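Worksheet: the structure to be examined is printed underneath.
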Amino acid sequence: MFDIRWIRENPELFDEGMERRNHDARAIQLIALDDSRRGHVTKLQEAQTRRNTTSKAIGAAMASGDKVKAEDLKAEVSEIKQFIQSGEDEERRLTSELNDALSAIPNIPLDDVPPGKDENDNVIYRVVGDAPAPSQNAKEHFEIGEALGGMDFETAANLAGSRFVLLRGGVARLERALGQFMIDLHTTQHGYEEVAPPLLVRDAVAFGTGQLPKFSEDLFKTTDGRWLIPTAEVPLTNTVADQILDLDTLPLRLTALTPCFRSEAGSAGRDTRGMLRQHQFSKVELVSIIKPEKSLDELERMVDCAETVLKKLDLHFRTMTLCSGDMGFSARKTYDLEVWLPGQQAYREISSCSVCGDFQARRMNARFRLEDGKSLAHVHTLNGSGVATGRALIAVLENYANADGSVTVPDALRPYMGNLETIEPAG
RNA sequence: GGAGAGGUGGCUGAGUGGUUGAAAGCACCGGUCUUGAAAACCGGCGUGCGUGCAAGCGUACCGUGGGUUCAAAUCCCACCCUCUCCGCCA
């Protein structure tokens, strides 16, 4: 969320950022809102000053036994009170009007983010490994999974409806192995602390990371008013909400392997086949809470952590810098890792790492104490998938499928698969 | 689900209608002392908002949101959270 004072001081930077975002918010409208709020606050405070001084005078008059004077003063304050009453209502209205406007505004891209409209304008940052030779026979993951008897969409649909899958046997274990492998890698090699967070959160938490108020339709809501997390980023990042962190606790690096729930409200008809886009999927998430001056380095570090997963699985992928029009609401800069899927003959997003600056920290009110031991500043937050297990499963199946229908288990996963070397078709 | 207790500044913890933004201690910052450190002593030390070039001034804030009152941390209402006991339960 933006600080209105920053917008007042940097209107052209703000407008330029909004333009790059293809967003229609403009500084002049917000400043006008703030002007009317400020003007009103000043008037209200003057009235409050008079009320306070007069009230103190009443106290003094009572103390000295001057009842007549006290009564006179009471009558005087009564009138001021009327104005204050309505004035406070008006202040609340003006403040929430401004806050509502501010909380719906996306973050501004960093200067080095390529300009663009949608995914077609994303820029290749680096490519790792070689794409397998084109193959006519390459199968899609759901063909492979179903042939193994390990990917049951029909039963899942009977149980829960569309966009769910039921995994069985070796395939189910393979997904679990991927999750275990990734979270072990991040905790033992990359310095992240493992967290097992709640999967349901309250409004304020979903607001903190930017899901609310604008994207409530993308989330599942429980009957008692909570939200199913769409990513562990939400609870992990909010662990520092409303806190003042000591300098020596930073950086804070957290990881979690959790189910994620998304309504996919806006994507009817897209990726309906297979398990590319599900209402429920598992993901290893990475979150860093960091000092502002370190946040850009941390983004590179985080991408490296995510890339390491794919390198260890020996998967070919490319890392993309998202263009200004393709980034998420809270992000200032985002790298996507796109893994090569032979079955689709295409690169598909498998991980996404973003730096949010103080955008989320302001929403959450997460601050830290500076070196002087006194002043406070907002932390910076970063989040990234240390790879979604569902999509990693897809990638492994499509890249490790053999002609006879079996799937070779990647070396890195064997310790988690009871040293199994291949998953064979059922029966 | 039933009964009770409680939420005060970075932390601990006083404070039940009138100079209380809030005692005290700890932590922290500056200073004295010391070869240095510790201890001791002296001083300082909340946040948001408004206003101002600034010093400052004003205002709001004692879980959150409303209300009563000339005046609320203190009284009333609703909600949130924590703890204890009982019930139920993986």
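To find a chain, count down the sequence lines: A is the first, B the second, and so on, and within it residues start at 1. On a predicted model such as this, the values are computed, not experimentally measured, just so you know.
Partner assigned to B:C57 is B:G50, using Watson-Crick or G-U wobble distances below 3.5 angstrom. Nucleotide B:C28 has B:G44 as its partner under the Watson-Crick or G-U criteria, with both atom distances under 3.5 Å. Checking B:C89 for Watson-Crick or G-U wobble geometry (two distances, each under 3.5 Å) identifies no partner in any strand. The partner of B:G17 cannot be assigned: no Watson-Crick or G-U wobble pair with both contacts below 3.5 Å exists in any strand. Nucleotide B:A23 is matched to nothing when pairs are restricted to Watson-Crick or G-U wobble geometry with both distances under 3.5 angstrom. Nucleotide B:A73 is matched to nothing when pairs are restricted to Watson-Crick or G-U wobble geometry with both distances under 3.5 angstrom. B:U34: no Watson-Crick or G-U partner with both key distances under 3.5 Å is found in any strand. Pairing partner, B:U82: B:A5, with both Watson-Crick or wobble hydrogen-bond distances short of 3.5 Å.
Between A:Met1 atom CE and B:G48 atom P there is a gap of 14 Å when expressed in whole angstrom units. Between the NZ atom of A:Lys69 and the P atom of B:G18 there is a distance of 20 Å, rounded to whole Å. One can place CG of A:Leu376 at 17 Å from P of B:C28, the figure rounded to the nearest angstrom. Rounded to whole Å, the distance from CG on A:Asp224 to P on B:C79 is 15 Å. Here B:C57 presents its C1' atom at 12 Å from CD of A:Glu46, a figure rounded to the nearest Å. Residue A:Gln45 contributes atom CD, which lies 12 Å from atom P of B:C49 at whole-angstrom precision. Atom C1' of nucleotide B:G10 and atom CZ of A:Phe368 are separated by 16 Å, given to the nearest angstrom. Distance CG (A:Leu33) to P (B:G50): 14 Å, rounded to an integer number of Å.
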Validation: residues 108-118 of chain A side-chain donor-acceptor distances under 3.5 Å, sequence neighbours left out:
from, atom 1, to, atom 2, distance (Å)
A:Asp112, OD2, A:Lys333, NZ, 2.8
A:Asp118, OD1, A:Asn120, N, 3.0
A:Asp118, OD1, A:Asn120, ND2, 3.2

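Residues A:Leu393 and A:Val171 have side chains in contact (heavy-atom distance under 4.5 Å, counting atoms from C-beta outward). Using a 4.5 Å cut-off on side-chain heavy atoms (C-beta onward), A:Ile423 and A:Val409 make contact.
In this structure, A:Arg5 reaches the sugar-phosphate backbone alone: every heavy-atom distance under 4.0 Å involves primed, P, OP1 or OP2 atoms, never a base.
Between A:Phe261 and A:Phe281, the ring center distance fails the sub-6.0 Å criterion.
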### Summary
Protein-proximity profile, nucleotides 64-71 of chain B, B/S/- by nucleotide at the 4.0 Å heavy-atom cutoff, equals --SSSBBS

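The gap from the P atom of B:G21 to that of B:C61 amounts to 11 Å, rounded to the nearest Å. Atom name P, nucleotides B:U68 and B:U74: the rounded distance is 14 Å, in whole Å. Between B:A73 and B:A23, the two P atoms lie 14 Å apart (nearest whole Å). The separation of B:A90 from B:G4, taken at their P atoms, amounts to 28 Å, rounded to a whole angstrom. Separating the C1' atom of B:G15 from that of B:G9 is a span of 14 Å, rounded to the nearest Å. Nucleotides B:A71 and B:U20 place their C1' atoms 13 Å apart, quoted to the nearest Å. Comparing the same atom, C1', in B:G1 and in B:C75 gives a spacing of 31 Å after rounding to whole Å. A gap of 43 Å separates the C1' atoms of B:U35 and B:A54, to the nearest Å.
Using cut-offs of 30° and 60° on the angle between ring planes, the pair A:Phe220 and A:His279 is perpendicular. Ring planes of A:Phe181 and A:Tyr416: perpendicular class, angle over 60° (limits at 30 and 60°).
Geometric assessment of A:Arg363 against the ring of A:Phe207 yields a positive cation-pi assignment under the 6.0 Å and 45° thresholds.
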### Task
Would you please test A:Phe142 and A:Ile394 for side-chain contact (heavy atoms from CB on, under 4.5 Å) and show each step?
CA-CA 8 Å; A:Phe142 47 85; A:Ile394 292 170; over 6 Å; no

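For the pair A:Arg226 and A:Asp224, the salt-bridge criterion is met [side-chain N within less than 4.0 Å of a carboxylate O].
Nearest-nucleotide assignment on RNA chain B puts the 5′-proximal partner with A:Ile244, out of A:Ile244 and A:Ile4.
For A:Arg202, counting side-chain heavy atoms from C-beta on, the closest listed nucleotide (B:U59, B:C80, B:G50) is B:C80.
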